[in-house]
Every structure is written in C-alpha cells, then in structure tokens.
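Reviewing the structure listed below.
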Amino acid sequence: MITRRHLLETAGAGAALAMSGLNSSLAKAAGVPLTPGVPDGVASIATMATLPGKKPLIQLADRPPNYEAPLEYLRTPITPNDQFFVRYHLADIPNVDAKTYKITVGGDGANGTAELTLDDLKKLPAVEVVAVNQCSGNRRGLSKPHVAGVEWGYGAMGCARWKGAKLKDVLDKAGLKKEAIEIFFAGADGPSFDKTPDFVKSIPVWKAVDDSTIVAYEMNGQPLPHWNGFPARIVVPGWTGTYWMKHVTAINALTKPLADFWMNPAYRIPVGKFPIRDRFLSQENATTTPITEMVVNSLITSHRDGDKVKVGKVTVSGQAWDGGYGIRSVEVSTDGGKTWTSAKLGDDLGRYAFRPWTFELSAKRGKNTVMVNATNKLGQAQVSELIFNGAGYHNNVMQNIALTAG
Amino acid sequence: MTMRTLVFAIIAAAIVFPASAQDRPIQLKKAPGVDKVEANCQACHTLAYIPMNSPFLNAAGWDAEVTKMIKAYGAPIDDDDAKAIADYLKKNYGI
C-alpha cells in the first residue's frame with residue numbers, strides 16, 4: 001500500500017514546491033455559485049479553486065479533492081477536460097509515471113496473470129464511447145431531509161468522449177474462467193492511513209465484457225487529466241462513477257462476490273425503490289443492492305432559478321441523460337406541470353451521452369416557470385417527488401425554475 | 001516532435017503533483033473539544049467536511065458519523081477523544 005510517508009519520501013522537494021504553489025493558487029471568489037438547496041453550512045466552506053490543469057471549480061473539499069462544476073461548464077454536450085469535476089474518497093493520490101505504469105490482470109477467476117503497460121493497452125483495438133460520468137452522490141446536497149456525505153449540488157458530473165481498450169480484451173490477456181462472476185478494480189490512489197480500507201470496486205462479469213466498457217487512456221482526444229485518472233481509468237458507461245476506477249492498477253476476475261466496505265455498506269440503494277433494470281445480483285441482499293445504472297434525468301444549464309430575463313422569446317436549454325437506453329423526449333411545462341410541450345433535442349452523440357435540448361419560452365412580464373421532464377427509450381421519466389434514501393442517491397426530481405421577465 | 005508537443009512535454013515534466021496539498025485552513029467554532037477535533041479528524045481529511053455537513057445532523061447522526069470514522073475507516077481515536085469529538089460536533093454543528 002502507498003502511504004503518505006512513502007509518497008513524501010519519493011516525491012521529494014519538487015512536491016514541496018508544488019504544494020506551496022497549489023496553496024497560493026487557491027482563488028477565493030466573492031460568490032460561489034452553489035446549487036440552491038444544499039445545506040447552509042456548505043456556503044461557509046465552499047470556494048472557487050483551481051487545481052493544476054483545471055479551470056476554477058467549486059471546491060467542497062481540498063483533501064481529499066472534491067470539486068464540482070458550476071452550471072456554466074455543463075452547457076455543452078461534451079464537458080472540456082479542464083472543466084470536468086474531481087472526486088476522490090481518499091487523500092493519497094500519487095503522480096503516476098506513465099513510463100513505469102502497469103496494470104496487473106489476474107485473480108482466482110482468471111486462467112493466468114498478465115501485465116500491461118500503457119503501450120500494451122494502446123496496442124489493443126481502440127474503441128471510443130461518449131459517456132456521462134456522474135458521481136453516485138450528485139445532488140446529495142438537495143436531499144430532503146439532508147443526509148451526511150459530500151454535499152454535492154448539480155455539478156458532480158460531466159460527459160466526455162473516452163477512448164481506450166475494451167475491458168474484455170484486457171481480461172482476455174489473462175483468460176476468464178467460466179466460474180468468474182465479478183471483475184475487481186484497484187487504483188494507485190489510497191488512504192492516508194493504512195487501516196482505512198483502500199478504495200476498490202467490482203462489477204459483474206456481464207457488464208465487464210460489454211463492448212462499451214473500456215479501460216480508457218484518452219478523454220476528449222487528450223491523455224486523461226491527472227485528476228480524472230491518468231494514465232488510465234475504467235469507464236462503465238451508463239453506471240455511476242463509483243465503478244470508474246481512476247489510475248487503475250489491478251483488474252482481477254473473482255469467483256466470489258467482493259466483500260469490502262466500498263461494496264457494502266457503501267454505495268447501496270434500497271431494493272425495489274428505483275426503476276433499475278441493470279441489477280448486480282451477486283452483491284444484492286434482501287434489503288439493499290449496489291447502485292448501478294443512472295436514472296433518467298435532466299438539468300437546465302442556460303438559467304438558474306430566479307434569473308431575470310427579457311420579455312419575449314427566451315431560449316432555455318440543458319442536458320438530459322440516463323443509464324444508456326437513450327433519451328426519447330424532453331418535455332417542458334410552463335404551467336407547473338398541467339400541460340407539456342416537447343423540447344427540441346440536439347445532436348445524438350450516443351445512448352450514454354448528454355442529450356442537449358432547447359425550448360423557446362415566450363416570457364410574459366413577471367414570473368415565468370419552466371419545468372423539465374426527460375423520458376428515456378424504456379419510457380422511464382423523472383419523478384416529481386424525491387425517492388428518499390439514506391445516501392442521497394438517484395435524485396432525478398424534475399426541476400421547476402422561476403424566471404422573472406421585465 | 002512538433003513545437004507544440006515539445007512545449008507540452010516540457011510543461012508536463014515540470015509539473016509535480018502534490019502528494020497531499022496543505023489544507024486550506026478551515027476555522028471551526030472555538031468551543032470545548034475543538035482541539036480534539038483538529039488533532040484527530042484532519043489526519044485523513046479536511047475539516048471542511050464538518051461545516052459542510054451542518055446543520056442537519058442530530059445527536060444520533062453525529063454519533064453515527066464518529067463511529068463510522070473509527071469502525072469503517074479505521075481512525076485511531078481513543079474512547080475519550082471520540083466522546084469529546086462527538087460532543088463538540090453535536091453542540092456546535094448539530095440540530
């Protein structure tokens with residue numbers, strides 16, 4: 001295990017310089033654009049801050065780094081790398097050297113073992129997928145009642161074009177036994193303290209061998225940013241970010257369910273409460289099941305609740321996404337949900353991507369409301385009432401913002 | 001190698017990412033027990049997690065958080081300190 005002491009010894013004086021540089025680059029903004037509804041205490045600690053290689057993000061925590069994107073960064077269907085949110089559980093995050101980087105492949109569910117360098121990974125047939133990476137806890141801060149955790153607003157998500165090798169092809173290097181049921185991932189980052197469980201995850205074999213599940217080494221045509229998993233991370237399109245292991249160093253096939261804090265009790269939802277099709281049965285028990293696919297959702301990115309607009313035509317726009325079935329329609333109501341009109345859908349970058357939408361509002365003098373509801377190709381739609389759960393996951397309550405025209 | 005990739009390579013070589021950046025200072029409320037909170041909690045994470053999770057946890061909620069840090073995350077906090085920390089959190093950041 002990589003300890004802090006080890007890192008400090010190996011990183012040396014350069015790291016000390018960089019540390020002071022990072023500290024001085026923290027830029028306090030007068031007003032941090034927090035999502036309305038997060039706990040009051042968030043305002044006392046949130047600040048706009050700039051990590052190396054990033055534009056300013058909303059810093060909720062600097063150690064471990066947890067930074068969300070302000071609404072403005074989510075206006076394009078592809079989120080630029082320097083605007084992409086950052087989320088870590090544990091605070092020891094090494095600067096991985098691409099030259100010595102290796103992924104080990106094995107486990108009791110594999111026929112053998114293999115080691116892949118970054119070059120080995122790049123020699124495998126490359127695939128690209130545009131996919132939303134959304135933290136399981138995105139919008140946790142909006143839970144009513146509030147629940148403990150990182151109190152994210154709307155911005156713990158982004159959508160990128162990921163390029164890499166199929167996880168299936170990587171697993172073939174070691175060979176999967178037919179008894180394998182889960183594929184385990186570990187990354188180079190670890191805890192500050194040895195007794196803290198290292199962040200490890202698993203996914204079912206059927207999801208691991210899906211052609212869209214990849215070991216990505218490029219994000220939007222560039223190497224992955226350090227803060228988003230350089231040099232390679234797992235990409236599990238449709239599923240929440242918890243499975244998208246950053247700085248991945250170990251991929252193991254397992255014949256038994258992974259028994260670990262991060263699989264249970266962490267990252268669980270109540271059985272039967274959400275309309276989930278992708279279930280992770282080897283990890284499911286009578287009351288809880290791992291979070292898997294994202295629920296259908298949308299976000300207004302052009303305006304914030306309470307914004308002032310001009311009387312007349314106002315273009316309201318945003319993104320819609322789901323767990324990979326694809327967006328069928330986005331509907332908008334300007335009368336609190338009594339009547340609905342279809343928004344215009346933008347470019348379709350694939351079923352795992354943000355689907356942009358626009359709606360022409362005829363703003364009347366005074367207060368106008370805009371309510372949005374996305375429906376996916378399974379016919380699943382957003383909810384009007386929060387489906388409460390203790391971890392604050394899967395909040396896809398329809399937004400209903402007010403715009404004042406004058 | 002083009003000029004652009006050369007420049008990129010030089011910049012990339014110059015950047016050393018910090019293993020653990022010095023925390024942005026977070027001023028917690030001055031009250032009995034704050035010294036125990038500062039001495040223990042920030043061994044693993046920023047103190048920002050405390051105000052961020054306020055004010056909505058009741059006494060049982062803060063007890064559960066302190067217990068989770070010790071039992072699930074392995075924080076080496078003795079019983080006396082754990083009680084002082086929980087009391088501080090309940091009184092200053094609870095409901």
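Side chains are part of it too, since the values below use all heavy atoms of this structure and drop only hydrogens, waters and symmetry mates. Per chain, numbering begins at 1; letters A, B, ... match sequence-line order.
Residue B/K71 places its NZ atom among 12 or fewer non-hydrogen atoms of other residues, nucleotides or ligands, all under 6.0 Å distant. No more than 12 heavy atoms of other residues, nucleotides or ligands lie within 6.0 Å of NZ in B/K36, so this atom counts as exposed by the packing criterion. Around the NZ atom of B/K29, the shell of radius 6.0 Å holds more than 12 heavy atoms that belong to other residues, nucleotides or ligands. Within a 6.0 Å sphere centred on CG of A/D97, heavy atoms belonging to other residues, nucleotides or ligands number more than 12.
Across A/D40, A/I45, A/V42, a single residue satisfies side chain to side chain contact (heavy atoms under 4.5 Å, CB included) together with B/P51, and that is A/I45.
A heavy-atom distance below 4.5 Å is not found between the side chains of B/R24 and A/R63.
Looking at A/V38, neither its backbone nor its side chain comes within 4.5 Å of chain B, counting heavy atoms on both sides. For A/P64, the parts lying under 4.5 angstrom from a heavy atom of chain B are both the backbone and the side chain.
Contact between A/A148 and B/E65 at its shortest, heavy atoms only, is CB-OE2, 3.3 Å.
Of the inter-residue distances, the one linking B/C44 atom SG with A/H89 atom NE2 reads 14.5 Å to the nearest 0.5 angstrom. Summarising the geometry, atom CD belonging to B/Q42 is positioned 11.5 Å from atom OG belonging to A/S192; distances are rounded to the nearest 0.5 Å.
Taking the six-membered ring where tryptophan is involved, the planes of A/H146 and B/F56 are tilted, since the angle between them lies from 30° to 60°.
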Requested in this report: Give the C-alpha distance, both sets of side-chain angles, the deciding distance and a yes or no for side-chain contact (heavy atoms from CB on, under 4.5 Å) between A/L60 and B/Y49.
Outcome: CA-CA 8 Å; A/L60 296 177; B/Y49 279 176; over 6 Å; no
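With chain A as partner, the option from B/T46, B/L47, B/I50, B/I26 having the largest number of non-hydrogen pairs under 4.5 angstrom is B/T46. Among B/P76, B/P55, B/A64, the residue with the largest count of heavy-atom pairs under 4.5 Å with chain A is B/P76.
In this structure, the ring of A/F261 has its center less than 6.0 angstrom from the ring center of B/Y73.
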